[in-house]
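Here is the structure we will look at.
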Amino acid sequence: MDDQPRLMHSSHGVGMAGHPGLAQHMQDGTGGADGEGRKQDIGDILQQIMTITDQSLDEAQARKHALNCHRMKPALFNVLCEIKEKTVLSIRGAQEEEPPDAQLMRLDNMLLAEGVSGPEKGGGSAAAAAAAAATGGSGSDNSAEHSDYRAKLTQIRQIYHTELEKYEQACNEFTTHVMNLLREQSRTRPISPKEIERMVNIIHRKFSSIQMQLKQSTCEAVMILRSRFLDARRKRRNFNKQATEILNEYFYSHLSNPYPSEEAKEELAKKCSITVSQVSNWFGNKRIRYKKNIGKFQEEANMYAARTAATATNVSTHGSQANSPSTPNSAGGYSSPCYQSDRRIQ
DNA sequence: CCGGATGATTGACG
DNA sequence: CGTCAATCATCCGG
């Protein structure tokens, strides 16, 4: 039975109700042949086919078996095929493949870029590294944040994958179920493989729309995580003591003009293992805070002035004085820096 | 836990 | 674009 040609449009579901022209075909094809008995038979068989989906499974199973063994069954099947063949032409080309969804592609790309849907290790760490670089944090502290970010990303990724797998499994289960159903039904009514395929497509589309929701919420979670991670203000760490000393040293030894050039900033940044913009921030903050309350900083100023003076004398006694000519004005008064520090910045 | 210290951000200005 | 001034958000010592 299975090798009979099967043609049936499946978009109307599994029932036969509403098939046009079936009744008259039956009359035309069988009316004159054998009288009332046959007509009755065919009426029965049709009725059974039409109502088979309304019945409970085991009941239907028994009916189906009876139906398949019915002597009129092959003939009826052929008739159905014939009708189907006529109608299938008008159905063809009704709907075509939809273009790949732009939003879905965007989501996929983003998940891939964030390392959620890509290969296990590479993408995630790369994205985290990029994010870390963007924050411009110093070496020591962002490794902790980095691992924190990584851990959270991994968490998201795991949830995403288990959910995705669940959906996929459910989709496959449902698809095979429907396919079995259709294949089973194709023994009593004509169903073409193409129609089964179309039905599978419909199911897949439905499930992928569910997946899209998953992807969307995953993307959202990643964005939130990322924005929190990238907002450096929320995880500010003080510079280490050495960096602060280097910066202060420069600041107080250039008190008359505490505006490091771009190269000087780069140099300081390298020495302190921070970024140039962090150096700029530091000097900006320092200048404004120093100016605001010079008194508060005087002790500090004296200290650094004394220190630079000491190193300067050390250097000069050793014969080479390479770094002194830059700011003769400010570095000179080491004995009483507190008196000359006023109104330098204005 | 509080308050000052501190790094970063924001908006205005030249 | 660099700087200033105000402000935010966090850190950290007492």
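Order of the sequence lines sets the chain letters (A, B, ...), proteins ahead of strands, with each chain counted from 1.
- The distance between atom CD1 of I288(A) and atom C1' of dT9(B), rounded to the nearest whole Å, is 15 Å.
- Judged by distance alone with a 3.5 Å cut-off, no donor-acceptor contact links the side chain of N238(A) to the base of dA5(B).
- Remark: H161(A) NE2 is packed, more than 12 non-hydrogen atoms of other residues, nucleotides or ligands lying under 6.0 Å away.
- Considering only side-chain N and O atoms, Q278(A) lies nowhere under 4.0 angstrom from the phosphate OP1 or OP2 of dG7(B).
- Atoms CG (N240(A)) and P (dT6(B)) sit 14 Å apart, rounded to a whole Å.
- Atom CZ of R289(A) is separated from atom P of dT6(B) by 8 Å (rounded to the nearest Å).
- OP1 or OP2 of dA8(B) has not a single side-chain nitrogen or oxygen of R237(A) nearer than 4.0 Å.
- The separation between K291(A) atom NZ and dT3(C) atom C1' is 11 Å, rounded to whole Å.
- Here the closest heavy-atom approach between residue Y160(A) and residue K215(A) is recorded as OH-CE, 3.4 Å.
- Atom-to-atom, CH2 of W282(A) to C1' of dT3(C) comes out at 16 Å; the value is rounded to the nearest Å.
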Which donor-acceptor pairs under 3.5 Å do the side chains of residues 162-170 of chain A make with protein atoms, sequence neighbours left out?
| from | atom 1 | to | atom 2 | distance (Å) |
| --- | --- | --- | --- | --- |
| T162(A) | OG1 | Q158(A) | O | 3.1 |
| T162(A) | OG1 | I159(A) | O | 2.9 |
| E163(A) | OE2 | K166(A) | NZ | 3.1 |
| E168(A) | OE2 | Q211(A) | NE2 | 3.4 |

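- Under the side-chain hydrogen bond (donor to acceptor under 3.5 Å, both in side chains) criterion, S277(A) pairs with T275(A), not counting sequence neighbours.
- Counting to the nearest Å, the C1' atom of dA8(B) and the NZ atom of K286(A) are 16 Å from each other.
- The side chain of K292(A) lies closest to dA6(C), out of dA6(C), dC4(C), dT9(B).
- Atom P of nucleotide dG7(B) and atom CD1 of I274(A) are separated by 8 Å, given to the nearest angstrom.
- A salt bridge is absent between E249(A) and K271(A); no separation between the charged side-chain nitrogens and carboxylate oxygens falls under 4.0 Å.
- Here dT6(B) is the nucleotide among dA5(C), dT6(B), dA8(B) with the atom lying nearest to any side-chain atom of R236(A).
- Rounded to an integer number of Å, the gap from OH of Y290(A) to P of dA5(B) is 16 Å.
- Distances shorter than 4.0 Å separate some side-chain N or O of K265(A) from OP1 or OP2 on dT3(C).
- Residue K296(A) places at least one side-chain N or O under 4.0 Å from the OP1 or OP2 atom of dA5(B).
- For the pair N281(A) and dA8(B), the criterion of a side-chain N or O lying under 4.0 Å from OP1 or OP2 is met.
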